[in-house]
Every structure is written in structure tokens, then in C-alpha cells.
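Here's the structure, in C-alpha cells; my notes come after.
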Amino acid sequence: MPSIRQDAWMHAEDVKLAEIILRHIKEGSTQLAGFAEAGSILSRTPAACGFRWNSSIRKLYEQELQEAKAIRKARKKKKKKGDLESQPLKDPFAEIPEQKRHISESEIDQLIRFLTDLKEQSSDVDGEEEEKLLREKQQLESAYQQLKSDYTVMKQNYESLLNVFKVVDQARKEIPAIKES
């Protein structure tokens, strides 16, 4: 898992954050879900994404935000009527002005490097993690079998002890009490 970034926000990250939040609003999801998704994509915490959205980005996308809310409201009405399935899906980026969705070639290269590194780290961790989990499972199964065996022996010993107590009680009842003279 990549580390959480704490450096300054880049313009491309602001744009991506806005796209994600506006999409969540249009689809009827919550902003919190959008912050979580943006956080995982941008390697930032959902709280950092929420703070950035509410303190800076929201003001820049006020018109798009109002349009997204209108779309969400219209979708809810159509969903109640059952018309949602008959309407074709729109391009989610069509309503974002061209200057706000431009990503430079260097930013694309940086993103490709980041995703490649993430994929390599993920595949390395997956194999190692799987082996570790298999070893742990074997150890737990072995410990379980040992506990099961110990339990069986202890149960047998307990039953034997109960039988001994029964024999002692029976013998005590059969032996006449010694009278002191």
C-alpha cells in the first residue's frame, strides 16, 4: 500500500478530486464515499480530501456542483417512476469545461509510473502475504489439533477421577463407622 501523501496539492489532483466528488453527487452517493474513493486514488486520507474539497475546490466548482445536485434530484424522480433504465448514460466529463479537465503529458507519465510501481508492490506483497497466511493457517491448525488431543485426554482423566470418587464414596458407605469406646 502506498504511503499517505502530505505534500502540496497539484492542479491535476484538484481536478481528479472534483471529478470524483461530482460523480458521486450525480449518482446519488455521498460526498464521504467520494472522499474515500479520492483518498485511495490520490494516496491521501479521506479527511484530507474532504478538507481540500470544502476549503478550496468546492468554490471553484459551484456551478458544476449545482448541476450535479440537479442531476441527482432528477435521477431520484426518474428512479421512482422507473424511467432510469431507459435513459442512456451521459459522458461524466462532458459537463466539465475543457480547461478544467486537461492533464499534461508529464502528469500522465507520473501517473503511469505510480500505477506501475503500485502494481509491482501489490504483486510482491500478495505472494508474500499469501505464503505468510498459509504458514499461519498451518500453525493454527496444528495448535488446534494439539488442543483437541489435550482436551480428549483431560476429559478422560476427569471421567476417571469421577469414577474414583464414586468408588471411594461407595466404599465409605459400606465400611461401618468405627465407634470409639
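In this chain, residues are counted from 1 in sequence order.
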Going through the checks in order, is the side-chain contact (heavy atoms from CB on, under 4.5 Å) test met by Gln110 and Arg113? CA-CA 5 Å; Gln110 182 182 6; Arg113 281 192 301 276; 3.9 Å; yes
Could you walk me through whether Glu159 and Asn163 pass the side-chain hydrogen bond (donor to acceptor under 3.5 Å, both in side chains) test, one step at a time? CA-CA 6 Å; Glu159 289 172 358; Asn163 288 334; over 6 Å; no
Check against side-chain contact (heavy atoms from CB on, under 4.5 Å), Phe114 and Ser43: CA-CA 10 Å; Phe114 170 75; Ser43 298; 3.4 Å; yes
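Atom CH2 of Trp53 is separated from atom CG of Leu65 by 5.5 Å, given to the nearest 0.5 angstrom. Between the OH atom in Tyr144 and the NZ atom in Lys137 there is a gap of 13.5 Å [rounded to 0.5 Å]. We find the CD-NZ distance between Glu141 and Lys148 to be 11.5 Å, quoted to the nearest 0.5 Å. Interatomic distance, Leu134 CG to Gln138 CD, rounded to the nearest 0.5 Å: 6.5 Å. Atom NE2 in His24 sits 12.5 Å away from atom CZ in Arg72 (nearest 0.5 Å). Summarising the geometry, atom CD1 belonging to Ile57 is positioned 3.5 Å from atom CG belonging to Asp14; distances are rounded to the nearest 0.5 Å.
Minimum heavy-atom separation, Ala38 to Ile20: CA-CD1, 3.7 Å. Of all the heavy atoms in Cys49 and Arg44, the pair that sits closest is SG-CB, 4.2 Å. Across Ile21 and Gly34, no two heavy atoms sit closer than the pair CD1-C, 3.5 Å. Pairing each heavy atom of Lys69 with each of Arg58, the nearest pair is NZ-NH2, 3.8 Å.
Salt bridge annotation for Lys166-Asp169: absent, with no cationic side-chain nitrogen under 4.0 angstrom from a carboxylate oxygen.
Using modelled atom types, one side-chain atom of Thr116 and one backbone atom of Ile112 make a donor-acceptor pair closer than 3.5 Å. Ser160 places a side-chain N or O within donor-acceptor distance of the main-chain N or O of Gln156, the cut-off being under 3.5 Å.
Within a 6.0 Å radius of CD in Glu136, other residues, nucleotides and ligands contribute 12 heavy atoms or fewer. Enclosure of atom CD in Gln145 by more than 12 non-hydrogen atoms of other residues, nucleotides or ligands within 6.0 angstrom is indicated.
With sequence neighbours excluded, the residues forming a side-chain hydrogen bond (donor to acceptor under 3.5 Å, both in side chains) with Gln63 are Glu67, listed by chain and number. Here Thr30 pairs with Leu32, Ala33 under the side-chain contact (heavy atoms from CB on, under 4.5 Å) rule; sequence neighbours left out.
In the hydrophobic cluster analysis, where Ile, Leu, Val, Met, Phe, Trp and Tyr join through side-chain heavy atoms closer than 4.5 angstrom, Leu60 is grouped apart from Met10. When hydrophobic clusters are built by joining Ile, Leu, Val, Met, Phe, Trp and Tyr residues whose side-chain heavy atoms come closer than 4.5 Å, directly or via intermediates, Phe51 is not grouped with Leu42.
In this structure, the side chains of Arg52 and Glu13 stay at 4.5 Å or more apart for every pair of heavy atoms. Contact check for Ile71 versus Arg75: side-chain heavy atoms found under the 4.5 Å cut-off.
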